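Sequence lines set the chain letters: A, B, ... in the order given, protein chains first and strands last, and positions in each chain run from 1. Worth knowing before you read on, the calculation uses all heavy atoms, side chains too, and leaves out hydrogens, waters and symmetry mates. Everything numeric in this text was worked out from a predicted model, so none of it was measured.
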There are 2 protein chains.
Amino acid sequence: MIGELALDSAAQRVGDGVHEIVLSDRWGLLDGRLNGGYQLSVALRALAAEIPLPDPVVASASYLRPAWPGPARVLTEVVRAGRRLATGTARLVQAGPDGDEREVLRLEATFADLAASPADPVDRTAPPDLPPPEECRTFGGTEAPPDGATVGQRIRYGVRELPGWVRGEPSGDPVAEFRFAFADGSDATLLDLAFVVDGAAPVVLELGRGSSTAQLTVHLREHPAPGPLVCRTVTNHLAHGLHDEDVEVWDSRGVLVAQSRQLALLL
Amino acid sequence: MIGELALDSAAQRVGDGVHEIVLSDRWGLLDGRLNGGYQLSVALRALAAEIPLPDPVVASASYLRPAWPGPARVLTEVVRAGRRLATGTARLVQAGPDGDEREVLRLEATFADLAASPADPVDRTAPPDLPPPEECRTFGGTEAPPDGATVGQRIRYGVRELPGWVRGEPSGDPVAEFRFAFADGSDATLLDLAFVVDGAAPVVLELGRGSSTAQLTVHLREHPAPGPLVCRTVTNHLAHGLHDEDVEVWDSRGVLVAQSRQLALLL
């Protein structure tokens with residue numbers, strides 16, 4: 001089953017390194033701007049079509065301007081294609097209010113072939129200890145409020161208890177541990193993980209603050225096994241109107257599949 | 001006092017977004033290739049000269065090919081200059097064995113003006129508990145072996161005890177906590193921190209493995225106070241011949257000044 005994220009982020013290749021897409025309003029934030037993880041998915045999928053190795057292993061993106069539903073293009077460049085690693089860039093461009101095309105996201109990503117070498121893992125991380133899915137409180141998905149933030153309708157979160165900010169009582173502790181599943185029932189792919197790490201609300205909401213992503217780097221470590229993912233999100237540091245957010249993602253086997261860090265503006 | 005890192009990484013602007021430099025052999029690894037943090041410093045300093053905001057706050061670099069001592073150029077592009085943030089790219093290019101110029105590093109960085117807003121910090125990190133500098137064991141600097149790895153002569157490390165890999169007995173635990181000072185006695189600047197996070201030997205040496213940086217992202221959070229820095233380096237995950245390395249850097253006041261994560265190839 002191809003997930004709705006893959007369908008909504010599949011640009012069409014129309015020329016050498018040029019890809020066209022109509023960005024979907026199904027991945028929007030409260031004001032209609034598009035979620036950063038969705039933008040990243042669009043750019044990374046287009047780049048993956050150009051790179052001779054199959055698996056993105058690291059992707060970093062600078063968020064330059066808001067992206068909106070509607071026509072956009074992804075312009076890709078293969079920077080270096082080696083035997084073990086291949087690197088390229090992708091620029092997501094979209095017409096602004098004056099009709100002129102401008103860059104909204106710039107991505108740099110490196111690909112490898114994970115199947116070409118044994119996993120042979122050493123892992124010092126541990127997933128959070130969450131109740132089984134059937135005992136979790138859930139929010140999002142069909143239960144999400146039919147407000148402007150359509151991205152919340154695409155995902156079902158499973159938690160021990162509802163986050164403070166959801167209840168209107170920010171906890172003061174910028175940490176979240178939750179299960180993550182696409183609401184359409186599809187399983188996340190390796191590439192989808194680039195969305196997952198920016199697919200949940202920022203945990204600075206627990207400090208009563210809003211947030212807008214400036215830069216995000218994600219490491220994609222392993223193809224996830226089917227089933228819901230487990231995530232931990234933490235903000236460790238705020239200063240000068242900026243904050244970090246780290247996300248770790250484990251699959252249903254408890255294997256670490258992705259890690260990310262972003263720098264964001266406090267709103 | 002201008003440090004030798006600033007002197008050795010200062011490219012000369014020769015045209016619109018074009019900078020020339022002779023890369024110094026003082027920042028070399030065992031085989032003469034140049035340290036990744038030094039390359040990053042060169043590219044970031046050149047970009048800083050073009051960007052209208054003073055302080056780099058996040059920089060991410062893809063390491064495409066080895067860089068060697070000798071002539072090189074940095075080609076910069078200002079991608080977007082906003083009020084709070086400005087973003088640009090820099091490409092470090094150098095002639096290969098056939099004389100053709102090729103890209104060795106591609107950098108993307110975002111700048112802000114830290115002085116324009118109060119620090120107002122929230123910090124969940126804590127520096128490692130190290131003995132005072134005078135009670136630390138030191139290595140590197142003038143004590144560094146006069147082998148090919150000249151970068152080790154530029155830095156003095158202060159540690160509780162010498163690392164296992166230095167003694168020829170890898171500990172099996174890929175973690176390091178140490179004081180960091182430039183051997184010339186200069187104090188690290190905000191920009192120097194982009195070197196510091198790749199200025200120490202990789203902690204996978206404690207697993208008996210070598211490492212080569214593929215991608216590095218550093219968050220630069222605060223101008224460091226004078227005096228030695230305190231660093232913690234940890235590798236949390238290895239798989240498929242790749243590993244991460246996280247570095248945190250605190251200044252002499254105990255203020256978190258930088259955080260980085262890199263993805264590297266196991267050798």
Mark yes or no for whether [X], through its side chain, and [Y], through its backbone, hold a donor-acceptor pair below 3.5 Å.
X: Glu108(A); Y: Ser60(A); value: no
X: Glu103(B); Y: Arg91(B); value: no
X: His240(A); Y: Leu114(B); value: yes
X: Gln94(B); Y: Trp68(B); value: yes
X: Arg33(B); Y: Pro66(B); value: no
X: Thr89(A); Y: Leu107(A); value: no
X: Gln262(B); Y: Ala214(B); value: no
X: Arg261(A); Y: Thr217(B); value: no
X: Gln39(B); Y: Leu34(B); value: yes

Counting only heavy atoms closer than 4.5 Å, note whether [X] contacts chain A via side chain, backbone, both or neither.
X: Val234(B); result: side chain
X: Asp246(B); result: side chain
X: Leu256(B); result: both
X: Ala81(B); result: neither
X: Val175(B); result: side chain
X: Leu216(B); result: neither
X: Arg106(B); result: both
X: Glu222(B); result: side chain
X: Asp244(B); result: both
X: Asn236(B); result: both
X: Ser62(B); result: both
X: Leu85(B); result: side chain
X: Thr110(B); result: side chain

Can you confirm whether more than 12 heavy atoms, excluding those of Asp31(B), are under 6.0 Å from its CG atom?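 It does: Asp31(B) CG has more than 12 such atoms within range.
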
Take a 6.0 Å sphere around CG of Asp129(A) and say whether it holds more than 12 heavy atoms from other residues, nucleotides or ligands.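 Open.
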
Between [options], the one whose heavy-atom pairs under 4.5 Å with chain A are most numerous:
options: Thr87(B), Val79(B), Thr125(B), Leu242(B); answer: Val79(B)
options: His243(B), His237(B), Gln259(B); answer: His237(B)
options: Arg65(B), Gln215(B), Arg124(B); answer: Arg124(B)

Nearest heavy-atom neighbours spanning Phe180(B) and Cys231(B):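 Smallest interatomic distance, heavy atoms only, reads CB-SG, 3.9 Å.
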
When heavy-atom pairs shorter than 4.5 Å are enumerated against chain B, which of Leu265(A), Asp120(A), Val122(A) gives the highest number?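 The residue among Leu265(A), Asp120(A), Val122(A) with the greatest pair count is Val122(A).
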
I'd like to verify something: which residue of Ala119(A), Ser117(A), Ala239(A) has the highest number of heavy-atom pairs under 4.5 Å with chain B?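 Winner by heavy-atom pair count: Ala119(A).
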
Contact part of Ala126(A) toward chain B, heavy-atom cut-off under 4.5 Å: side chain, backbone, both or neither?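 The answer is neither part of Ala126(A).
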
